[in-house]
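Worksheet: the structure to be examined is printed underneath.
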Amino acid sequence: MIIAVDGPTASGKGTIAKRLAAHFGVPHLDTGLLYRAVGRQVAINGGDPDNPADALAACAFPDELMQDEVLRSEETGGLASRVSIHPDVRKALFDRQRAFAEQPGGAVLDGRDIGTVIAPDADVKLFITASVQERARRRWLEMTGREIEIPLIEIERDIVNRDARDINRADAPLKAAPDALIIDTTEFDQNGAFELVLEAVTAALEKE
Ligand code: DC
């Protein structure tokens with residue numbers, strides 16, 4: 001069983017994917033972390049994230065980098081969004097994601113193109129979204145909790161820029177698969193959103 005969870009930044013898709021994986025007892029891959037590791041590695045190499053060759057070279061990042069807390073920063077998220085534009089980077093990360101999706105017993109993957117490119121054969125496809133203002137508020141709360149001070153307006157601006165880049169890129173842009181269940185979590189807290197999702201996923205699996 002493959003569950004694909006896509007959506008824009010700070011939509012809550014990561015938490016939902018993690019909880020779905022725990023619920024169904026299958027492994028979970030946050031594919032954004034792969035792009036974040038590439039973005040971070042470009043910076044370590046002193047390269048330019050907008051240069052396709054520099055970004056491709058950074059795909060050879062060491063596995064330990066995936067555990068580095070710095071991957072969760074806003075700055076690395078911005079770098080990830082920039083390197084993710086390059087088709088060669090997407091190709092270099094494809095096999096790893098596909099192998100994860102194909103493992104016996106199934107998997108949950110979250111990202112931007114799981115339902116459209118990585119696992120178009122997924123049993124259930126979800127597209128999780130929420131308003132820009134609500135996503136900015138959630139990210140701000142999370143960062144304040146980590147004692148990172150950043151004005152809400154700055155986060156909102158970053159989210160708008162990141163959405164634009166992710167939606168408008170030519171290769172594997174952020175978009176819902178035609179057969180995805182679109183779930184707007186703006187009005188829900190984490191538990192409420194998960195209940196909504198679990199109901200939708202259970203109903204979709206029963207229909208199969
Ligand atoms: O989900 P995230 O914020 O960690 O993702 C960071 C960036 O990585 C995002 O702005 C675009 C890119 N990304 C992608 O292009 N495809 C994916 N499957 C996951 C992330």
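Just so you know, ligand 1 is whichever comes first in the structure, and atom 1 is the first atom listed for that ligand. Hydrogens, waters and symmetry mates are skipped; everything else that's a heavy atom, side chains included, is used. FYI, the numbering just counts along the sequence from 1.
The T9 neighbourhood of ligand 1 comprises atoms 3 (O), with distances under 4.0 Å to a heavy atom of that residue. Near S81, with a cut-off below 4.0 Å to any heavy atom, the atoms of ligand 1 are 7 (C), 10 (O). Less than 4.0 angstrom separates some heavy atom of G32 from each of these atoms of ligand 1: 4 (O), 5 (O), 19 (C), 20 (C). For ligand 1, the atoms sitting less than 4.0 Å from at least one non-hydrogen atom of R162 are 3 (O), 6 (C), 10 (O), numbered in the order shown with element in parentheses. The contact set between ligand 1 and G111, taken as ligand atoms under 4.0 Å from a residue heavy atom, comprises 18 (N), 19 (C).
If you chain together hydrophobic residues whose side chains sit under 4.5 Å apart, V197 and I182 never meet in one group. Note on F188 and L20: same hydrophobic cluster, where clusters join Ile, Leu, Val, Met, Phe, Trp and Tyr whose side-chain heavy atoms are under 4.5 Å apart, directly or indirectly.
Neither the backbone nor the side chain of R165 comes within contact range of ligand 1; no heavy atom lies under 4.0 Å. Using a 4.0 Å cut-off between heavy atoms, R82 makes no contact with ligand 1 at all. Under 4.0 angstrom from ligand 1, the non-hydrogen atoms of S84 all belong to its side chain.
Under a 3.5 Å cut-off, the side chain of D6 and the backbone N or O of G115 do form a donor-acceptor pair. In this structure, R98 contributes its side chain and A101 its backbone to no donor-acceptor pair below 3.5 Å.
Across R36, R112, R90, R72, heavy-atom proximity to atom 15 (O) of ligand 1 is greatest for R90.
With respect to Y35, the side chain to side chain contact (heavy atoms under 4.5 Å, CB included) criterion is satisfied by exactly one of T76, V89, L79: V89.
Salt bridge annotation for R135-D163: present, with a cationic side-chain nitrogen under 4.0 angstrom from a carboxylate oxygen. Contact check on E134 versus R138 returns a salt bridge, with a Lys/Arg side-chain nitrogen under 4.0 Å from an Asp/Glu carboxylate oxygen.
Nearest protein neighbour of atom 19 (C) of ligand 1, counting heavy atoms only, is T31 OG1, 3.5 Å. The single protein non-hydrogen atom nearest to atom 7 (C) of ligand 1 is A80 CB, 3.6 Å, given as residue, atom name and distance. Looking only at heavy atoms of the protein, atom 10 (O) of ligand 1 is closest to D166 OD2, 2.9 Å. At the shortest separation from atom 13 (N) of ligand 1 among protein heavy atoms lies Y35 CD1, 3.6 Å.
One side chain, Q41 or N45, offers a donor N or O that lies under 3.5 Å from an acceptor on the other.
Among all heavy-atom pairs drawn from D54 and N51, the shortest one is N-OD1, 3.0 Å.
Considering backbone and side-chain N/O atoms, Q97 never comes within less than 3.5 Å of an N/O atom of ligand 1.
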